[in-house]
Amino acid sequence: MEKYNPQEIEPKWQKIWDEQKIFEVAEITDKKKFFGLIEFPYPSGDGLHTGHLRSNTAMDIICRKRRMQGYNVLYPIGFDAFGLPTENYAIKKKIKPQEATEKNIATFTKQLKEAGFSFDWGRSFSTTDEDYYKWTQWIFVQMFKAGLAEKKKETINWCTSCKIGLANEEVVNGVCERCGGEVIKKVKEQWVLKITKYADRLIEDLDKVDYLERIKMQQINWIGKSEGATVKFPISKIQDTNKSQITNTNNQYYLEVFTTRPDTLFGATFMVVAPEHSLIQNYESGIMNYGEVKEYVEQAKKKSDLERTDLNKEKTGVELKGIKAINPVNAKEIPIFVADYVMMGYGTGAIMAVPAHDERDYEFAKKYNLEIVEVIKGGDVSKEAFAEIESGEMVNSEFLNGLKPNEAIEKMIEWLEEPRHHEGAGHESIGKRQIQYKLHDWIFSRQRYWGEPIPMVYCEKCGWQTVPEKDLPVVLPNIDDYLPTDEGDSPLAKKEEWVKTNCPVCGGEAKRETDVMPNWAGSNWYFIRYTDPKNDKMMVDPKKAKYWLPVDWYNGGMEHTTLHLLYSRFVWKFLYDICAVPKECGVEPYAKRTAHGMILGEGGVKMSKSRGNVINPDEYVKKYGADTLRVYEMFMGPFDLPIAWEDKSVNGVYRFLNRVWNLQTKLKSQNSKVKIESQNPKLTTLLHQTIKKVGDDIEEMKFNTAVAQMMILLNELEKQEEISVAYYSLFIILLLPFAPHLAEELWQTLGHKESIMKEKWPEYDPNLIKAEKFELVVQVNGKVRERILVPVQISETEVRDLVMKNEKVVKWLESKEPKKMIYIKGKLLSIVV
RNA sequence: GCCCAGGUGGCGGAACUGGUAGACGCACAGGACUUAAAAUCCUGCGACUUCGGUCAUGCGGGUUCGAUUCCCGCCCUGGGCACCA
């Protein structure tokens, strides 16, 4: 027998699988389908990393098992290749992004094939392929036509280092998520997608899917739905007798706020507006201390978001002297402040402050000595704010007195919504019920080069027009100077002959949009395209979509469970609404979503180039083979938790596979007819337990214990004088999804002509997983005192008799009479004396 | 601050629905083979012990015949959100 030599057998089998196109899936069959999905990789210059392998191996195991269970399995792969990392990499290396992408995809392809994943390579594509992004642009056109895409002036987050606008989601702790660079506010015309219109559905439909609970929570928190009311506070017109009239340039007579606590309206003793609030500009001449206010506003602007949102800092603010707000419930005049603890980006950018029942307002009121009016009894407002909503009773609140806060909220909203005469505004309601989301509309423009051109044309006469569908794709021109500009225009703007075009409506002169789409655009819908990747007539053939979609199981990293998941769910819902995907597919794109834990470097620290602790899979494939790497990544620890790489343990897995290989020496000479049942019953039990455990564990992604169970079986098999081909075959089949090359080679060695993958996934016999005897545990007063081997069928009386005769037990009873005996069948007998 | 995980030997981690804590692997120690080493195989491996046992699953209580598992109160670690009105 030759030695286990993965370096030889792995390339051999990869070649055979590739040539036979064994994983290329039939279009539509009568078989039940299974669509397993992993996040397609971003082909960076660094090559494949251990995290890709962890996710891909897990789904590979599941898909291989499904195939053996008789499913028609789609396990596709592609590349998410547009975007900043490649562009920046290309700039650094002084090459074109096209070149970098091509090279990186080649590397990734080679690495992925070397890992033995059962991908359907026949369906592979890159988001940068023209016949793919044609449809990415087509989706944008549909969104525009549906009124969900709009170009508008937005205060955006501008990364000064990437020279690019960022979505709110891409700003983390006040800095650029990607490069950590400084983020400033900049007003720019931007394309936005109105994801907020789908906010409710994105929350509600989570009930219909099987996601990890924490993923659902993340989605819900991100959308951040709050229910409450808006309330208009009139601004009192004349304060300062020296000034005859307050100039109000925009006829703004109200300060409108959003509150989740309309019940506390009688306790509103001052107002606060964000530094960016238009009220300040509008009442410039009415604000007596305008200079002071202006200075505060300027200071606030200079602060980064990080500084402004630092919870530990003391709240600051300046009163707008000369104007007052009138609390509409009691007509009291209350002061207005500007303070940077109120954010322009949420609600109306202004709040009514109820210091008695809100911690932040309380702190502010204490500092500036403002009135604190208790309107809910139950706390001690001389000491701290009482923010409870479940308990307490309304006081000092006229028509709300005596109610519970929850009831008061409803009553107050009713009161606010009643139309009534209102000074300066005629006949309308003071406020109304309002739902507010933290989720913002999604800024979809990027002022860079390496992305899908936004397929829009601007005509002076006709306004924004979509590029006609027959002219799609708008091909990204191959330009030499693709460096970003400091002014924040896309490099495409420099290519005049490309920009200049004709208006699709009037035929007159027009200009192309020069911004490109963000990275998310291509990854929003790639899984749909896998079901029909070559279609040049439509995004997807409804028949094919109907057969394959939704995705049955989607696994990926925790880092993509908020943004990518939310965005792609939104796009799916839109495509569902316009019938671009058939109704039969359902309202959610992914039936099940799981996430793997990150692999950390040795010692539990994050892997990074700067630390120099990045594990390169290639080295391990070279040294141990892909099978060892696969099994190790599954065995290293619980799949969903982060885990540190441990070089020494890789060796342990290599030993395991070698022992499986060497087990061949114990094979009975070609005696495959031997019936399993006739063998050693203990071993038979263990074999069936292993079939059950490995099968069940794969479904629950408990790969570590599945491998452990196979090791237990191997240990037992090794103890035998000789083993039957039947036993060995079953063992290899169980191992196949984990170590496919090894399993295939051993299968062939056993004399099979067909691939092991044609075998059925084994089923266990429920009668055989039970052992004939078990170890009965005897406890005296809760302590284990004896273990006796007894037959499974033993009755309770027999157990009692047996135990009471047992010397050791008798000794522990110290001739006392047992008070109580508890018998747990098949487990233990507990005696209390 | 809020939400979600989690805390078990020297290490990664097992443990069904309250029923033998430490499976499996790593590391380590001893032995076999070898001129020797590597590899491989065998044995041992939570702590203490007067060798009868006793104590042990972050800490302190509780429920129970019995708690890693359930309840109450703390401490710590990781992740997410964060002046969201």
Side-chain angles (χ1 to χ4, degrees), chain A residues 3 172-173 212-218 220-222 224-226 228 257-261 264 268 272 274 308-313 315 339-343 345-354 357-361 363-364 387 436-439 558-559 561-562 597-598 600 603-604 631-632 635-638 640-653 655-656 658-659 662 696 702 704-715 718 774-787 811 818-833:
Chain A
K3 254 180 69 193
V172 175
N173 291 333
L212 291 179
E213 207 44 45
R214 60 187 164 141
I215 299 179
K216 287 192 184 182
M217 286 316 293
Q218 274 185 18
I220 291 168
N221 287 342
W222 193 265
K225 182 176 180 174
S226 324
V257 300
F258 170 73
T259 176
T260 54
R261 298 296 303 272
T264 61
V272 187
R308 259 185 81 169
T309 54
D310 181 4
L311 272 165
N312 296 322
K313 89 165 194 252
K315 293 188 177 29
D340 64 5
Y341 80 91
V342 171
M343 303 289 148
Y346 185 76
T348 62
I351 61 159
M352 63 175 213
V354 185
H357 306 288
D358 182 284
E359 252 174 71
R360 294 151 301 170
D361 300 345
E363 188 191 328
F364 196 80
Q436 193 66 46
Y437 303 96
K438 284 191 221 174
L439 182 71
M558 248 354 249
E559 68 274 20
T561 50
T562 31
M598 204 195 313
L600 306 168
V631 176
Y632 171 64
F635 182 61
M636 64 195 301
D640 57 336
L641 296 179
I643 188 136
W645 186 271
E646 215 181 312
D647 240 8
K648 281 176 177 162
S649 297
V650 181
N651 206 33
V653 170
R655 270 203 285 259
F656 165 64
N658 265 290
R659 282 162 58 204
N662 294 335
D696 291 352
K702 286 155 82 175
N704 54 335
T705 49
V707 174
Q709 182 66 32
M710 287 191 276
M711 287 171 168
I712 293 171
L713 179 60
L714 174 69
N715 289 345
E718 278 183 334
F774 74 95
E775 206 174 50
L776 177 83
V777 172
V778 185
Q779 292 186 346
V780 179
N781 284 342
K783 288 212 179 345
V784 179
R785 293 309 184 188
E786 180 61 313
R787 294 148 206 250
K811 207 183 104 206
K819 255 190 242 163
K820 207 168 152 189
M821 278 201 207
I822 299 144
Y823 177 61
I824 308 294
K825 199 163 174 278
K827 292 250 163 72
L828 59 67
L829 183 78
S830 184
I831 308 170
V832 191
V833 293

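Just so you know, these numbers come straight off a predicted model, no measurement behind them. All chains are named by letter (A, B, ...) in the order of the sequence lines, taking the proteins before the strands, and each is independently numbered beginning at 1.
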List the steps, then state whether side-chain contact (heavy atoms from CB on, under 4.5 Å) holds for A:Met558 with A:Thr561.
-> CA-CA 5 Å; A:Met558 248 354 249; A:Thr561 50; 3.7 Å; yes
Kindly indicate, with the supporting measurements, whether the criterion side-chain contact (heavy atoms from CB on, under 4.5 Å) is fulfilled by A:Gln709 and A:Leu713.
-> CA-CA 6 Å; A:Gln709 182 66 32; A:Leu713 179 60; 5.6 Å; no
In sequence, state the C-alpha distance, the side-chain angles, and the governing distance for A:Asp640 and A:Arg214, and then conclude on side-chain contact (heavy atoms from CB on, under 4.5 Å).
-> CA-CA 12 Å; A:Asp640 57 336; A:Arg214 60 187 164 141; 3.9 Å; yes
Which is it for A:Asn662 and A:Glu718 under the side-chain contact (heavy atoms from CB on, under 4.5 Å) test, yes or no, and what are the steps along the way?
-> CA-CA 9 Å; A:Asn662 294 335; A:Glu718 278 183 334; over 6 Å; no
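A gap of 35 Å separates the C1' atoms of B:rG66 and B:rA27, to the nearest Å. Taking atom P on both nucleotides, B:rU69 is separated from B:rG60 by 13 Å, rounded to a whole Å. As rounded to the nearest Å, B:rC26 and B:rC45 have C1' atoms that lie 13 Å from one another. A gap of 15 Å separates the P atoms of B:rC70 and B:rU57, to the nearest Å. A distance of about 15 Å separates the P atoms of B:rG25 and B:rG46, rounded to the whole Å. Rounded to a whole angstrom, the distance from the C1' atom of B:rC16 to that of B:rA23 is 14 Å.
Under the 30°/60° scheme for interplanar angles, the aromatic rings of A:Tyr341 and A:Phe364 are found to be tilted.
Backbone-only contact: A:Arg214 has heavy atoms under 4.0 Å from sugar-phosphate atoms and none from a base. Across all strands shown, A:Ile831 has no heavy atoms under 4.0 Å from either base or sugar-phosphate atoms. Using a 4.0 Å heavy-atom distance criterion, A:Lys819 is classed as making no nucleic acid contact.
The phosphate of B:rC84 has neither OP1 nor OP2 within less than 4.0 Å of any side-chain N or O from A:Arg261.
Remark: P of B:rG12 and NZ of A:Lys702 are 20 Å apart, rounded to the nearest angstrom. Atom CG in A:Leu641 sits roughly 13 Å away from atom P in B:rG12 (whole-Å rounding). Rounded to whole angstrom, the span from the NZ atom of A:Lys783 across to the C1' atom of B:rU64 amounts to 14 Å. What separates CG of A:Leu212 from P of B:rA5 is a distance of 11 Å, to the nearest Å. Rounded to whole Å, atom C1' of B:rC65 lies 8 Å from atom CG of A:Asn781. The distance from atom CD of A:Gln218 to atom C1' of B:rC81 is 9 Å, rounded to the nearest whole Å. Taking atom NZ of residue A:Lys216 and atom C1' of nucleotide B:rA5, one finds them 17 Å apart after rounding to whole Å. Across the protein-nucleic acid pair, A:Glu213 atom CD and B:rC3 atom P stand 15 Å apart, rounded to whole Å.
The residue among A:Met558 and A:Gly782 whose nearest nucleotide of RNA chain B lies closer to the 5′ end is A:Gly782. Of the two residues contacting RNA chain B, namely A:Arg785 and A:Ile822, the nearest-nucleotide position lying further toward the 5' end is that of A:Arg785.
Here the CD1 atom belonging to A:Ile831 is positioned 13.5 Å from the NZ atom belonging to A:Lys819, to the nearest 0.5 angstrom. Rounding to the nearest 0.5 angstrom, the gap separating the NZ atom in A:Lys827 from the CD atom in A:Gln779 is 12.5 Å.
For A:Lys438 and B:rC81, a side-chain-to-base donor-acceptor distance below 3.5 Å is absent, hydrogens and geometry of angles not being considered.
In terms of modelled atom types and a separation under 3.5 Å, the side chain of A:Asp358 and the main chain of A:Val354 share no donor-acceptor contact. Side-chain N or O atoms of A:Arg785 include none that pairs as donor or acceptor with a backbone N or O of A:Lys811 at under 3.5 Å.
With hydrogens and angles left out, the side-chain atoms of A:Tyr632 and A:Asp647 include no donor and acceptor closer than 3.5 Å.
Looking only at side-chain heavy atoms (C-beta outward), A:Met598 and A:Leu600 come within less than 4.5 Å of each other.
Scanning RNA chain B for stems, defined as runs of 3 or more consecutive Watson-Crick or G-U wobble pairs whose donor-acceptor distances all fall under 3.5 Å, gives the following ranges: B:1-7 with B:75-81, B:10-12 with B:24-26, B:28-32 with B:40-44, B:46-48 with B:53-55, B:58-62 with B:70-74.
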Which nucleotides of nucleotides 20-26 of chain B have their base under 4.0 Å from a protein heavy atom (B), which only their sugar-phosphate (S), and which neither (-), written as one string 5' to 3'?
-> BS-BBSS
